[in-house]
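Naming: A, B, ... by sequence-line order, numbering from 1 per chain. Worth saying up front: this structure is predicted, and the values here are computed from it rather than measured.
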Amino acid sequence: METVLKIQALKGFKDILPGEVELWKYVEDTARDVFQRFNFSEIRLPILEKTELFARSIGEATDIVEKEMYTFVDKQVTMRPEATASLLRAYIEHGLYVQKPVQRLFTIGPMFRHERPQKGRLRQFHQMDIEILGSGNPLVDAELMAMAAMLFSELGISVSLELNSLGCPQCRPAYRVQLLSFIKDRLDALCEDCKRRSSTNPMRVLDCKKSNCREQVEQAPSILEHLCDDCKTHFTGVQSGLQQLNVDYSLNKFMVRGLDYYCRTTFEFTTTDLGSQSAVCAGGRYDGLIEKLGGPKKGPGIGFAIGIERLVLLLLQQEKVFAEGSDLDLFVIGLGEKGEQLSYGLVHEMRKQRRSVAMDHEGRSLKSQMKQANKADAKYVLIIGDNEIERGKGVLKNMVTQQQQDVKLESSALVEAVSS
RNA sequence: GUGAAUGUAGCUCAGUAGGUUAGAGCAUCUGGUUGUGGCCCAGAAGGUCGGGAGUUCGAUCCUCCUCAUUCACCCCA
C-alpha cells in the first residue's frame with residue numbers, strides 16, 4: 001500500500017505568506033532607514049559556521065550550546081543560533097578593525113534554535129543584529145539604546161527599556177561569591193528550578209518568576225552595589241548618555257543574560273503583550289570577546305538583537321495597520337484567441353517600460369476577468385476584443401472613475417494613458 | 001525535556017444525549033448583462049469529521065494509542 005506523505009513544514013518553522021510579507025518589508029525598511037541614519041553598514045553572513053565558534057563565544061554550558069543547536073555532527077558545523085559570533089568572526093577574519101578602528105555593523109536574517117515552539121518563539125526565527133565594535137565609550141552604549149528606542153517609536157509600538165550592569169571579570173567573581181552564600185542560606189525555600197540554577201547559573205535565581213522565589217531574593221545583594229570603580233564609572237556614563245538623549249529607562253538589578261560573553265551594560269526592551277515572551281530586543285556589552293575569538297587585544301564591543309517575529313506580532317496586536325496602495329497599473333483583457341495573442345505581446349512591452357501589468361490566460365469571460373482586475377486592485381483595465389483589433393484601439397477603463405476611453409493599441413500610447 | 005488544551009471544507013467555526021445524503025459565514029467557480037468590476041440574488045464545487053485500533057447492530061461523537069497544532073514551564077529575540 002502506498003503511504004501518502006503529508007507535506008508539512010517542520011515544527012517551529014513557518015511560512016511567511018504574501019500579505020504578511022508586506023509587513024515584514026515595512027519593518028525591515030524602517031529599520032534599515034534608522035540604522036543608516038546612525039551610520040551603520042549592512043553585512044551579510046553565512047548561516048552555517050564551525051560549531052566551535054558558537055561553543056566558544058556563547059559558552060559551552062549555556063542551554064543554547066548544550067541542547068538547542070542544529071548541528072551537523074559529522075561535519076562539525078552548526079546553523080547559527082544567533083548572529084553576534086558570526087559577525088565578529090567576519091570582522092576579525094577580514095581585519096575590518098584595520099580599515100576603521102570603530103565599526104558599526106548590522107545584519108538581518110534567520111537564526112535556528114531547537115526549542116519547543118510557543119508564542120513568539122520559533123525554531124527558525126529572524127533577528128536584526130546590530131553591533132558597534134572597537135569602542136568602549138559608555139556614550140556608545142547609550143546611543144545604541146537610543147537608536148533602538150527610535151526604531152520602536154517610528155514603528156509605533158510601545159516598549160520599555162530595562163537596564164543593568166553585569167560588572168566585569170574584575171568585580172563579578174567577588175559579587176558571585178556573596179550571592180552564592182546568600183542563596184545557600186535560603187536554598188530550602190527556593191523552587192526546584194532555582195535549586196538547580198543555584199549551581200549552574202546563580203544569577204538566574206534573581207529573575208525567577210515564581211513569587212516565592214522573588215520574595216526570598218528581594219534582599220539579595222545587588223551587582224550594582226558591587227561594581228568596581230571602572231564599571232561604576234562606565235555605568236554612570238551610560239545613564240547620563242541616556243538622560244541626555246531623552247531615553248526613558250528603568251534599572252532592573254535582577255536582569256541577567258543567557259549568553260556567557262556579556263559584561264557591564266545589559267539591556268532589554270520589553271512588553272507585556274507577547275504572552276510569556278517579554279523581550280523584543282536585548283543586548284549588551286561584550287568587551288573581551290573579540291580578543292577571545294582571535295581579534296585585536298582588549299577589543300571592546302556592544303550589540304543587540306531584535307526578534308522580528310516578536311516585532312511583527314506586536315504590530316499586528318497593537319493594530320498598527322497601514323494602507324497598502326495598489327501596485328498593479330493595468331489589467332489587460334484579451335478576448336478570443338486573437339485578443340489574447342495581441343495582449344500577450346503588449347503586456348510584455350509595457351512591462352519593459354516599467355509598468356506593472358497583468359492578464360489572464362485561462363480564456364475566461366469578460367465579466368470574470370473584470371472581477372479579477374478588481375480583486376487585484378488594478379488602476380486600469382484594457383479590453384481588447386475583435387472590434388478593438390479592427391479599429392486598432394482598445395477600450396481603457398479607469399477602475400476608480402469608471403471612465404472609458406479609446407487608446408491606440410501601442411505600448412507607448414498605453415503607457416502614457418495609464419501614467420496620468 | 002515536562003505539563004495542559006485543541007484537531008470537522010482553503011479560512012473562522014457550528015453540530016450530533018451514538019442513527020440514513022455532516023452544516024453556516026467568508027473565500028472560490030458559474031450564471032442573473034451579445035463585451036464591463038465592487039453591492040445584491042441564484043446555483044455549483046469543496047470533507048475518508050487528524051490517523052489507527054477498540055466498544056457497538058451502527059462511531060465525527062465513547063475508550064485507548066498515535067500524530068499534529070497551540071499555550072505554558074525550562075530557556076530565550
Side-chain angles (χ1 to χ4, degrees), chain A residues 3-4 6-14 17 19 58 61-68 81-84 108-130 148 159 191-194 196-197 200-201 204 207-210 255-259 267-271 274-284 303-314 331 333-336 339 362 364-388 394-404:
Chain A
T3 5
V4 181
K6 195 175 178 189
I7 308 223
Q8 204 176 12
L10 293 172
K11 184 198 286 283
F13 286 68
K14 270 180 92 174
L17 300 175
I58 298 169
T62 58
D63 275 18
I64 294 179
V65 171
E66 249 176 19
K67 50 195 188 198
E68 293 173 0
E82 57 111 36
T84 303
I108 300 178
M111 311 292 157
F112 304 84
R113 289 182 203 172
H114 190 101
E115 300 178 271
R116 201 69 166 257
Q118 68 186 74
K119 191 183 177 92
R121 198 176 77 184
L122 294 168
R123 287 183 174 180
Q124 175 178 338
F125 59 103
H126 298 77
Q127 285 187 339
M128 305 191 232
D129 196 70
I130 297 87
V159 288
C191 70
E192 287 307 310
D193 280 327
C194 283
R196 179 177 50 77
R197 281 190 272 247
T200 56
N201 189 350
R204 278 248 164 262
D207 83 343
C208 181
K209 286 173 193 161
K210 298 203 175 66
M255 189 173 65
V256 188
R257 299 280 61 183
L259 286 61
F267 59 93
E268 266 179 28
F269 284 84
T270 60
T271 171
L274 282 177
S276 71
Q277 258 61 244
S278 58
V280 192
C281 165
F304 67 87
I306 295 176
I308 305 182
E309 276 83 0
R310 293 182 183 180
L311 211 49
V312 166
L313 274 177
L314 282 180
F331 191 101
I333 302 179
L335 297 169
E362 314 310 317
R364 298 206 230 226
S365 67
L366 173 63
K367 177 175 177 164
S368 164
Q369 293 199 48
M370 285 298 295
K371 282 187 181 178
Q372 279 183 70
N374 185 57
K375 210 183 314 156
D377 206 17
K379 294 186 195 108
Y380 288 89
V381 163
L382 177 68
I383 301 168
I384 306 176
D386 291 345
N387 299 339
E388 287 75 21
V395 175
L396 184 73
K397 176 168 186 172
N398 181 318
M399 293 295 274
V400 178
T401 65
Q402 305 194 53
Q403 283 177 343
Q404 301 195 163

Specify the separation, in whole Å, of atom [atom1] of [X] and atom [atom2] of [N].
| X | N | atom1 | atom2 | result |
| --- | --- | --- | --- | --- |
| A/R121 | B/G1 | CZ | P | 13 Å |
| A/Q124 | B/A77 | CD | P | 17 Å |
| A/D63 | B/G1 | CG | P | 14 Å |
| A/I58 | B/A77 | CD1 | P | 9 Å |
| A/Q277 | B/C74 | CD | P | 10 Å |
| A/Q127 | B/A77 | CD | P | 7 Å |
| A/E66 | B/C74 | CD | P | 17 Å |
| A/E115 | B/A72 | CD | P | 13 Å |

| How does protein reach along nucleotides 3-9 of chain B, written 5' to 3' as B (base within reach of a heavy atom under 4.0 Å), S (only sugar-phosphate), or - (no contact)? | B------
Categorize [X] for me: base, sugar-phosphate, or nothing, with a 4.0 angstrom heavy-atom threshold over every strand shown.
| X | value |
| --- | --- |
| A/T62 | nothing |
| A/G120 | base |
| A/L274 | nothing |
| A/A282 | sugar-phosphate |
| A/R364 | sugar-phosphate |

| Is there a donor and acceptor pair, one atom on the side chain of A/Q118 and one on the base of B/C74, closer than 3.5 Å? |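 Yes, the side chain and the base share a sub-3.5 Å donor-acceptor pair.
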| Taking only residues two or more places apart in sequence or in another chain, which ones pass side chain to side chain donor-acceptor pair (under 3.5 Å) with A/Q403? |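 Scan of A/Q403 (side chain to side chain donor-acceptor pair (under 3.5 Å), adjacent residues dropped) gives none.
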| note | Read 5' to 3' with Watson-Crick or G-U pairs under 3.5 Å, [ ] for crossing pairs and | for partners on another strand, RNA chain B gives (((((((..((((.....[...)))).(((((.......))))).....(((((..]....))))))))))))....
| Among B/C73, B/A77, B/C75, which is the nearest nucleotide to the side chain of A/R196? |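 The answer is B/C75.
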| message | Can you identify which nucleotide, out of B/A72, B/C73, B/C75, has its nearest atom closest to the A/R197 side chain? | response |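 Of the candidates, B/C75 comes closest.
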What N/O pairs connect the protein and nucleotides 34-37 of chain B at under 3.5 Å? Give each pair on its own line.
unit_1	atom_1	unit_2	atom_2	d
B/G35	O6	A/N387	N	3.3
B/G35	O6	A/N387	ND2	2.7
B/G35	O6	A/E388	OE1	3.4
B/G35	N1	A/E388	OE1	2.8
B/G35	N1	A/E388	OE2	2.8
B/G35	N2	A/E388	OE2	2.7
B/U36	O2	A/K397	NZ	3.3
B/U36	O2	A/Q404	OE1	3.2
B/U36	N3	A/Q404	OE1	2.6
B/U36	O4	A/Q404	NE2	3.2
B/G37	O2'	A/N374	ND2	3.2
B/G37	N7	A/K397	NZ	3.3
B/G37	O6	A/Q402	OE1	3.2
B/G37	N1	A/M399	O	2.6
B/G37	N2	A/N374	OD1	3.1
B/G37	N2	A/M399	O	3.0
B/G37	N3	A/N374	OD1	3.1

| request: Check salt bridge (charged side-chain N to carboxylate O under 4.0 Å, His left out) between A/R116 and all other residues, then give those that pass, not counting sequence neighbours. | output: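 So A/R116 forms no salt bridge (charged side-chain N to carboxylate O under 4.0 Å, His left out) with any residue.
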| field | Atom C1', compared across B/C40 and B/A72: separation rounded to whole Å | value |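 It comes out at 48 Å once rounded to the nearest Å.
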| task | Determine the Euclidean distance between corresponding C1' atoms of B/U30 and B/G46; express it in Å to zero decimal places. | result |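 Taking atom C1' in both B/G46 and B/U30, they lie 15 Å apart.
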| said: Measuring to OP1 and OP2 of B/C29, would you say a side-chain N or O of A/S368 lies under 4.0 angstrom away? | reply: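 A/S368 to B/C29 OP1/OP2: no side-chain N or O under 4.0 Å.
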| request: State which residues pass side chain to side chain contact (heavy atoms under 4.5 Å, CB included) with A/I64; sequence neighbours excluded, sorted by chain then number. | output: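 A/I64 satisfies side chain to side chain contact (heavy atoms under 4.5 Å, CB included) with A/I58, A/T62, A/E68, A/M69, A/P81, A/R113, A/L259 only.
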| request: Provide the closest heavy-atom pair for A/R257 versus A/G283 in the form atom of the first, atom of the second, distance. | output: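 So the two residues come closest at NH1-N, 3.4 Å.
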